[in-house]
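Below you'll find the structure, written out as C-alpha cells, and then a few comments.
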Amino acid sequence: MKLKLSFYQRKQVTRIAKELLGKGLFTSLNGKRAAGVIVETEAYSYKERGSHAFENRMTKRNEVMFGEGGHAYVYLCYGIHNMFNVVTNKEGVADAILIRALEPLEGLELMMKRMGVATPKRITAGPGKLTKAMGIDRSLNGEELDSDHLWIADLGTTILPSQIRASPRIGIDYAGKDALLPWRFTIKDNSWLSK
DNA sequence: TAGAGGATTGAT
DNA sequence: TCAATCCTCTAC
C-alpha cells in the first residue's frame with residue numbers, strides 16, 4: 001500500500017528516515033516497472049551544514065526541498081550521478097532524506113539492462129547506482145511520491161529498532177562537526193548496503 | 001561570465 | 001589514489 005503524503009509531512013526527519021527502512025520504492029516508467037526495498041537512508045536538515053538547504057539557503061536546484069513533504073528531490077552530483085531524496089516536513093521547512101541503497105524486489109532484468117551488466121551483484125548498492133537501475137533522473141524532480149510513476153509503499157514488514165544501525169553520513173567532510181551526526185541509517189547485516 | 005567543486009563510482 | 005563529467009553556485 002502506498003504511503004500517504006502525511007507520512008512525509010511530519011517533523012522528525014531522523015524518525016522518518018528510520019521508518020523508511022524496509023519500505024518499497026517503486027517506479028513505473030514507460031510501462032516498465034521496478035522496485036526495491038529501502039535498506040539505507042540518510043537524513044538532512046536545514047539546521048546542519050551537510051544539507052543543501054543549510055541556513056535556509058534556497059536556490060533553483062534545491063527549491064523543491066522547501067515545498068511540502070512527500071515530493072522527490074532529484075539532483076545531479078559529480079556531473080554523472082542522479083541522487084534521489086524524499087522531501088519531508090511541512091512547506092517552508094527544508095528537510096530531506098537521501099535514499100542510498102535498495103535490495104532489488106522487482107524488475108531485476110530491467111535493472112541489469114539499464115546498468116549494462118550481466119549479474120545483479122550490488123546493482124542497487126549506492127545512491128548513484130540505484131537511481132540508474134530504477135530509471136530515476138532529474139525529470140522526476142518535484143514528483144509527488146504517490147504518483148503512478150514513482151512511489152513508496154509499505155510492504156507489511158516491520159524493521160525492529162534492534163535491526164537498525166545509526167552511523168555518520170557519507171561524503172560530507174566539508175560539513176565540519178555536523179559530519180559526525182549519526183544520521184545514516186542502515187539495516188544491520190544487509191548485503192545490499194553501499195560501501 | 002568564468003571558475004571551482006560536489007550527499008559518487010569504478011578502475012588503477 | 002584518481003579521473004570521469006557537467007551542473008550549480010559564487011564571485012567578479
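Numbers restart at 1 for each chain; the letters A, B, ... are given by sequence-line order, proteins then strands.
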Inspect the contact between A:Glu144 and A:Lys2 and indicate whether a charged nitrogen and a carboxylate oxygen are less than 4.0 angstrom apart.
-> no
Comparing A:His81 with A:Leu76, nearest DNA chain C nucleotide closer to 5' gives the residue A:His81
Can you tell me, in whole Å, how much space there is between the P of B:dA2 and that of C:dT5?
-> 22 Å
Just how far, in rounded Å, is C1' of B:dT8 from CD of A:Glu40?
-> 13 Å
Nucleotide of B:dG6, C:dT8, B:dG10 approaching A:Tyr78 most closely (side-chain heavy atoms) | B:dG6
What nucleotide among C:dA4, B:dA7, B:dT8 has an atom nearest to a side-chain atom of A:Tyr44?
-> B:dA7
Phosphate OP1/OP2 of B:dA7: any A:His52 side-chain N/O under 4.0 Å = yes
Evaluation steps, side chain to side chain contact (heavy atoms under 4.5 Å, CB included), between A:Val39 and A:Thr186 = CA-CA 6 Å; A:Val39 297; A:Thr186 54; over 6 Å; no
Euclidean distance, A:Leu150 CG relative to A:Glu143 CD, rounded to 0.5 Å | 6.0 Å
Closest to the A:Ile80 side chain: C:dT10, C:dA4, B:dT8?
-> C:dA4
Should the pair A:Arg10-A:Glu19 be classified as a salt bridge under the 4.0 Å nitrogen-to-oxygen rule?
-> yes
Interatomic distance where CZ belongs to A:Phe54 and C1' belongs to C:dT8 [whole Å] = 19 Å
Starting at atom CG of A:Asn82, determine the distance to atom C1' of B:dT9, rounded to an integer number of angstrom.
-> 13 Å
Phosphate-side-chain proximity, A:Tyr174 and B:dA7, N/O vs OP1/OP2 below 4.0 Å = yes
Is A:Arg138 near enough to C:dC6 that one of its side-chain N or O atoms lies under 4.0 angstrom from OP1 or OP2?
-> no
Here the distance between atom C1' of C:dA4 and atom NZ of A:Lys132, to the nearest Å, is 13 Å
OP1 or OP2 of B:dA7 under 4.0 Å from side-chain N/O of A:Arg184 = no
Does the side chain of A:Lys129 get closer than 4.0 angstrom to OP1 or OP2 of B:dG10 through an N or O atom?
-> yes
Just checking A:Arg169: base, sugar-phosphate only, or nothing, at a heavy-atom cut-off of under 4.0 Å?
-> nothing
Give one of base, sugar-phosphate or nothing for A:Leu98, where a contact means two heavy atoms less than 4.0 Å apart.
-> base
A:Asn62 has an atom CG; how far is it from atom P of B:dA7, in whole Å?
-> 12 Å
For the residue pair A:Val64 and A:Ala72, what are the closest heavy atoms and their distance?
-> CG2-O, 3.8 Å
Whole-Å distance separating the CD atom of A:Glu48 from the C1' atom of B:dA7 = 10 Å
Please work out which of the three classes, parallel, tilted or perpendicular, describes the rings of A:His52 and A:Tyr73, given edges at 30° and 60°.
-> perpendicular
Specify the separation, in whole Å, of atom NZ of A:Lys121 and atom P of B:dG10.
-> 12 Å
Mate of B:dA7 across any strand shown (Watson-Crick or G-U wobble, both atom pairs under 3.5 Å) is none
Could you state the atom-to-atom distance from CD1 of A:Ile123 to P of B:dT9 in whole Å?
-> 13 Å
OP1 or OP2 of B:dT9 under 4.0 Å from side-chain N/O of A:Arg122 | no
Quick one: label A:Gly126 by what it contacts on the DNA or RNA (base, sugar-phosphate, nothing), any heavy atom closer than 4.0 Å.
-> sugar-phosphate
Taking only the side-chain heavy atoms of A:Pro127 (C-beta and beyond), determine which of B:dT9, B:dA7, C:dT5 contains the nearest atom.
-> B:dT9
